[in-house]
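Numbering of ligands and ligand atoms starts at 1, following listing order.
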Amino acid sequence: MTSPVWHPFTQHGLNEPIPHVVRAEGALLHLADGSTLIDGISSWWVTTHGHCHPRIAAAIAQQAGQLDQLIFAGYTHEPAETVARGLIEIAPYAPGCDPLAHVFFSDSGSTAVEVALKMALGYWHNLALDGLAEARSRILVLEHGYHGDTIGTMSVGERGVYNAAWAPLLFDVCTVPFPAPGREQACLDALEAACRDKPAAFIVEPLLLGAGGMLLYPPPVLREMAAICRRHDVLFIADEVMTGWGRTGTLFACEQAGVVPDIMAVAKGITGGAIPLAATLATARIFEAHRSSDRARLFYHSSSYTANAIACAAAVANLAIWREEDVRGRIAALTDGIATRLAELAAHPAFAHPRQLGTIAAIDIVTADAGYLSDLAPRLRAFFLRHGLLLRPLGNTIYLMPPYCIDTEQLDCVFAALVAAGDHFSA
Ligand SMILES: *Cc1c(COP(=O)(O)O)cnc(C)c1O
């Protein structure tokens with residue numbers, strides 16, 4: 001029987017197998033045919049503590065029977081208030097920096113970034129109305145960036161085959177070169193030059209560019225980027241949608257650079273990965289630029305499910321898990337476990353460029369056939385599937401982003417499959 005389902009980022013013409021998953025627990029997915037898969041990429045970077053964490057599942061069940069959904073324009077509920085307070089408490093903080101003080105809810109990483117961009121332009125628009133600044137609308141972006149798949153977020157992301165069809169709809173941005181090793185100063189100089197043209201904001205994925213190929217840059221560069229923006233009064237937007245919730249070793253990547261962004265987008269792990277929710281955090285000056293007795297200045301953005309109560313209850317449970325369980329200990333142990341195994345794997349001649357930040361590891365498979373459209377990625381996907389492992393390589397880059405509950409035996413299986421892939425694909 002053919003399915004009417006049209007899957008994302010899936011070429012249905014290739015007839016790749018589409019495994020049917022019936023149950024998940026911890027780091028394991030159970031398939032309809034009775035077999036299991038280790039979820040090596042946290043089901044696309046969302047599952048943090050593990051699938052079906054009992055406290056999150058219970059919070060969702062309880063909330064679903066009490067208050068499911070409420071219009072959020074002009075109404076509020078306890079789960080949203082608790083999440084907002086919790087986010088402000090744990091947001092990146094540094095003495096002398098304006099703290100993140102306001103929380104705007106939405107329902108995906110893309111919408112959280114769209115909201116961030118709209119807040120930045122709204123800020124300058126409203127300041128201009130008061131004659132306090134000139135209107136600014138240009139966005140600076142980092143080369144190889146990824147911020148989502150809506151029109152606005154594609155506009156601020158890397159251009160390529162994955163968005164060529166919509167190029168006519170995308171707005172112009174100014175791209176700052178990626179700070180590759182040895183090219184850090186060129187990046188910072190380009191940012192400084194671009195800031196002189198009075199752009200509205202600079203948006204970055206802090207420390208680690210995910211979809212762009214798991215590319216790392218060091219905390220001092222992030223710190224200097226934020227300092228340059230501050231000197232030129234350019235708003236600094238951190239997209240922590242993927243890096244947030246412990247992935248890079250700290251709760252948020254910005255912490256490692258002592259950076260407090262003006263606007264920060266979070267999503268993915270905010271509910272532990274159980275149910276969609278997102279939030280955009282902003283400093284007081286962004287909020288105050290929209291607060292007025294003039295209705296024309298309110299922040300015109302909403303989606304039907306903004307701050308859905310069930311999703312917020314899941315996020316409340318996630319915040320409690322971070323407070324009460326040894327999540328940081330698990331992350332530290334996983335980071336070490338990956339580091340030793342990755343060092344061994346790096347000795348394999350089939351691999352190059354091993355890199356790791358916290359619980360995220362990546363390595364490139366040496367091939368003449370690199371690049372996003374190389375048929376290596378689907379062949380690797382199928383190979384890992386046969387080895388009981390869910391991985392989704394980016395071109396010739398194989399990366400791991402497991403849930404923090406993965407045990408040493410499972411991690412050994414993952415790396416054994418990577419060695420087997422090295423043997424198989426270099427032969
Ligand atoms: C995944 C991701 C997004 C988009 O989030 P969605 O929830 O998929 O819309 C935005 N930014 C970054 C850095 C991401 O990794």
Exercise. Given Glu288, which of His290, Arg291, Arg285 fulfils the side chain to side chain donor-acceptor pair (under 3.5 Å) condition?
Worked result: Arg291
Exercise. Going from CG on Asp262 to CZ on Arg230, what distance comes out if it is rounded to the nearest 0.5 angstrom?
Worked result: 6.0 Å
Quiz: residues 209-227 side-chain donor-acceptor pairs under 3.5 angstrom, not counting sequence neighbours:
{"from": "Tyr217", "atom 1": "OH", "to": "Glu205", "atom 2": "O", "distance (Å)": "2.8"}
{"from": "Tyr217", "atom 1": "OH", "to": "Leu207", "atom 2": "N", "distance (Å)": "3.3"}
{"from": "Arg223", "atom 1": "NH1", "to": "Ala257", "atom 2": "O", "distance (Å)": "2.8"}

For this session: First locate atom CZ of Phe425, then atom CG of Leu380, and finally report the distance between them rounded to the nearest 0.5 Å.
Result: 4.5 Å
For this session: For ligand 1, list the protein residues that place a heavy atom within a distance below 4.0 Å of one of its atoms, sorted by chain and number.
Result: Trp45, Ser108, Gly109, Ser110, Tyr146, His147, Gly148, Glu205, Asp239, Val241, Met242, Lys268
Exercise. Quick one: do Asp233 and Lys198 make a salt bridge, cutoff under 4.0 Å?
Worked result: no
Exercise. Just how far is it from atom CZ of Phe105 to atom CD1 of Ile270, taken to the nearest 0.5 Å?
Worked result: 6.5 Å
